[in-house]
Amino acid sequence: MKRIQGKGVCGAVTMGRLYFYRKDNDPISRKTVTDPEAEQQRFAKARQQAAKELEALHEKALREVGEIHAQIFEIHRMMLDDEDYCSSVSHIIDTQHVNAEYAVLRTSDTFSQMFETMTDEYMRARATDVVDISNRLIRCLKGDSDGRILSREPVILVAEDLTPSETVQLDKEKILAFLTLRGSENSHTAILARTMAIPAVVGLGKLDPEADGKTAIVDGFTGTVCIDPDEAAVAAYTRKKQEEEEKHRLWQSLRGKPNTTRDGRSIQLYANIGGLDDINAALQNDAGGIGLFRSEFLYLQNDHLPTEEEQFRAYREAAEKLAGKKVIIRTMDIGADKQTGYLKLPKEENPALGYRAIRICLTEPELFRTQLRALYRAGVYGDVSIMFPMITSPEELKRIREQIAIAQQELRTQEIPFREEMETGIMIETPAAAVISDILAPMVDFFSIGTNDLTQYTLAIDRQNPSLESFYQPHHEAVLRLIHQVIQNAHKAGIWAGICGELGADPTLTEQFLRMGVDELSVSPAQILPIRDKIRSMDLGS
Ligand code: PEP
Ligand code: MG
């Protein structure tokens, strides 16, 4: 048995098989080999694996999108057997004594160029197919799973690191736990793991590649991972799992109960979600509403900018599923660690201080108004509120209002139904916004304090940088004072203030937040009932 230690970011325990997730961005290089026969065998094996993948894709497509759209995978599978293509790869390996990846790449270039020059449109279109199957073969040769989990059973996913966009695209059904060798507790990947209630451990440092496929126990509370666990470790795991289930049963009994302290102080407990998939968990855990819908994940899940219709459908579905409960949708907070290829954002020296969130929206008003129109249209179907991230000044709010007015006018002109009056609030997640919260409060309907970024910017600590974690003090007095000040300024202006950053779910601070007068806490779905339990056990003596 081997025990390794990282940082637990999502409290739960699980046992399963380790699965190494590889992403390989290396360009293919030409390597001279001494054993071409071994390369021929690698090529043959890669063809077999590619054929298996394509068969599985064909079956899945048949079930989900029907015969016509599934055909392409069948064509690709047949192309793998194409004699000309295969003998070209073999010939290059044999005559040039090179690696199979390079031979596939050269063949791909030759064949795709040949197809591209054909006059027949159908044959010209085959050029893309050649590139596609060649890429698949190269990936198989490299042992690269390309983000898909090629396992029937759910696994414990091991990755060097995961970006938020990779995380949202993973097949959640197949994941028992996340392990990352790098990564920080405050990253969005960690937040996503909490939102999905998947045990997760980050910052493990190193993990022997030999461990791939072995059984492991992951303790998301303590950050311990046991590989090849012995009997004692399995027995300890079983006990902990039982305790966990017992606690869950207890929390489930709090469904339908108010979030009220013993002396009668009540607050709202809402859920943070990353997308529609998390709504069921929010409802199962008896969320009073959605306090933070991170709409950017809709952008990260896609390979294109989501259209107004696509967004409208998603927001409408959220509003309808919440059936009259509040849904606070945050306009997209792309940038910093949340990157998407198609937006082609510039590379920056200091991305966390850079072109992100509302700054992108106000620089690209067309893109912003697409989202605003979708939101105002969805407002007809439920209690939708809009929230704007990364605000630093009243000028930004004025510019936002101008865009809202234009978006509404566009809808009016096109006679598309929308809700005229919608609650709008801002995230208080920059020290600037916190300090001038007295000026901002009369301009909005609510504040939601984003403690993740507020801490990052107040303490000048990059939340993505794991080597700074010993300096990351989430309970720093500066952050707590700012939170208190924001709540007071909100109340002076007659608006409500909540907390949607991860600190809102820290049970050691719940009492302090209630004493500060917080009106709402928005936490990941699995944390709602434990926080309710905490609130109900408290007596503020008021
Ligand atoms: C925050 O900064 O606290 C927050 C809730 O937003 P995000 O974590 O998505 O940046
Ligand atoms: Mg934030």
Side-chain angles (χ1 to χ4, degrees), residues 9-10 163-165 167-168 183-196 200 202 269-275 278 282 290-301 328-340 351-361 385-392 396 425-434 437 446-465 472-476 478-480 482-483 486-487 497-506 509 513 518 520-525 527:
V9 295
C10 180
T163 64
S165 63
T167 313
V168 283
S184 107
E185 289 173 76
N186 308 302
S187 67
H188 281 97
T189 300
I191 291 174
L192 278 171
R194 267 178 233 129
T195 306
M196 298 184 289
V202 300
L269 264 182
Y270 290 169
N272 291 347
I273 60 167
D278 303 323
I290 302 297
L292 168 62
F293 181 155
R294 288 182 161 97
S295 72
E296 58 273 13
F297 287 111
L298 222 71
Y299 293 68
L300 298 182
Q301 273 160 353
I328 303 176
I329 303 176
R330 172 173 80 180
T331 58
M332 69 131 194
D333 182 6
I334 301 248
D337 62 323
K338 287 180 277 192
Q339 293 288 341
T340 160
L353 301 179
Y355 190 52
R356 114 171 231 208
I358 203 68
R359 298 169 185 182
I360 301 179
C361 290
S385 306
I386 311 183
M387 171 156 82
F388 302 99
M390 285 293 288
I391 297 297
T392 58
E396 286 161 349
I426 53 172
M427 296 210 40
I428 302 287
E429 53 182 346
T430 64
S437 50
F446 65 91
F447 282 159
S448 189
I449 305 172
T451 53
N452 310 333
D453 280 315
L454 187 60
T455 309
Q456 149 162 276
Y457 298 127
T458 306
L459 305 186
I461 284 197
D462 179 358
R463 66 194 261 197
Q464 291 297 117
N465 187 339
Y472 194 90
Q473 291 179 38
H475 297 189
H476 196 293
V479 177
L480 295 174
L482 285 177
I483 294 173
V486 169
I487 296 171
I499 297 176
C500 64
E502 296 297 290
L503 226 50
D506 182 339
L509 290 173
F513 289 150
V518 78
E520 174 245 26
L521 293 174
S522 191
V523 301
S524 55
Q527 288 161 318

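Both counts, for ligands and for their atoms, begin at 1 and track the order of listing.
- Where the criterion is an N or O separation shorter than 3.5 Å, residue side chain and backbone included, Glu429 meets it with respect to ligand 1.
- Protein heavy atom at the shortest distance from atom 6 (O) of ligand 1 is Arg330 NH1, 2.9 Å.
- In Met427, the part holding a heavy atom less than 4.0 Å from any atom of ligand 1 is the side chain.
- The atom of Glu429 nearest to the Mg ion (ligand 2) is OE1, with the search restricted to N, O or S atoms.
- Heavy-atom proximity to Arg463, at under 4.0 Å, picks out these atoms of ligand 1: 2 (O), 7 (P), 8 (O), 10 (O).
- Of all the atoms in ligand 1, the ones that sit under 4.0 Å from a non-hydrogen atom of His188 are 7 (P), 8 (O), 9 (O), 10 (O).
- The OG atom of Ser522 sits 3.5 Å away from atom CG of Asn272, with the distance rounded to the nearest 0.5 Å.
- Heavy-atom minimum distance, Ser295 versus Arg330: OG-O, 2.6 Å.
- Within the 3.5 Å criterion, the main-chain N or O of Gln456 finds no donor-acceptor partner in the side chain of Arg463.
- A donor-acceptor pair is defined here as one N or O able to donate and one able to accept, closer than 3.5 Å; no such pair exists between the side chain of Asn452 and the backbone of Gly501.
- Atom OD2 is the N/O/S atom of Asp453 found closest to the Mg ion (ligand 2).
- Those atoms of ligand 1 that come under 4.0 Å of a heavy atom in Asp453, given as number and element, are 1 (C), 2 (O), 3 (O), 10 (O).
- In this structure, the side chain of Arg356 does not engage the main chain of Pro351 through any donor-acceptor pair within 3.5 Å.
- The nearest non-hydrogen atom to atom 5 (C) of ligand 1, considering only Glu502, Arg294, Arg356, comes from Arg294.
- The contact set between ligand 1 and Gly501, taken as ligand atoms under 4.0 Å from a residue heavy atom, comprises 3 (O), 5 (C).
- In this structure, Leu482 and Ala434 approach most closely via the heavy-atom pair CD2-CB, 3.9 Å.
- The shortest side-chain heavy-atom distance between Pro525 and Thr195 falls under the 4.5 Å cut-off.
- Interface of Asp333 with ligand 1, defined as ligand atoms under 4.0 Å from a residue heavy atom, comprises 10 (O).
- A donor-acceptor pair is defined here as one N or O able to donate and one able to accept, closer than 3.5 Å; no such pair exists between the side chain of Thr451 and the backbone of Leu454.
- Counting atoms of ligand 1 from 1 in the listed order, those under 4.0 Å from a heavy atom of Leu292 are 5 (C).
- Counting only distance, with no hydrogens or angles, the side chain of Ser184 and the backbone of Asn465 share no donor-acceptor pair below 3.5 Å.
- Those atoms of ligand 1 with a heavy atom of Ile191 less than 4.0 angstrom away are 8 (O).
- Heavy atoms of Lys338 come nearer than 4.0 angstrom to ligand 1 in at least one pair.
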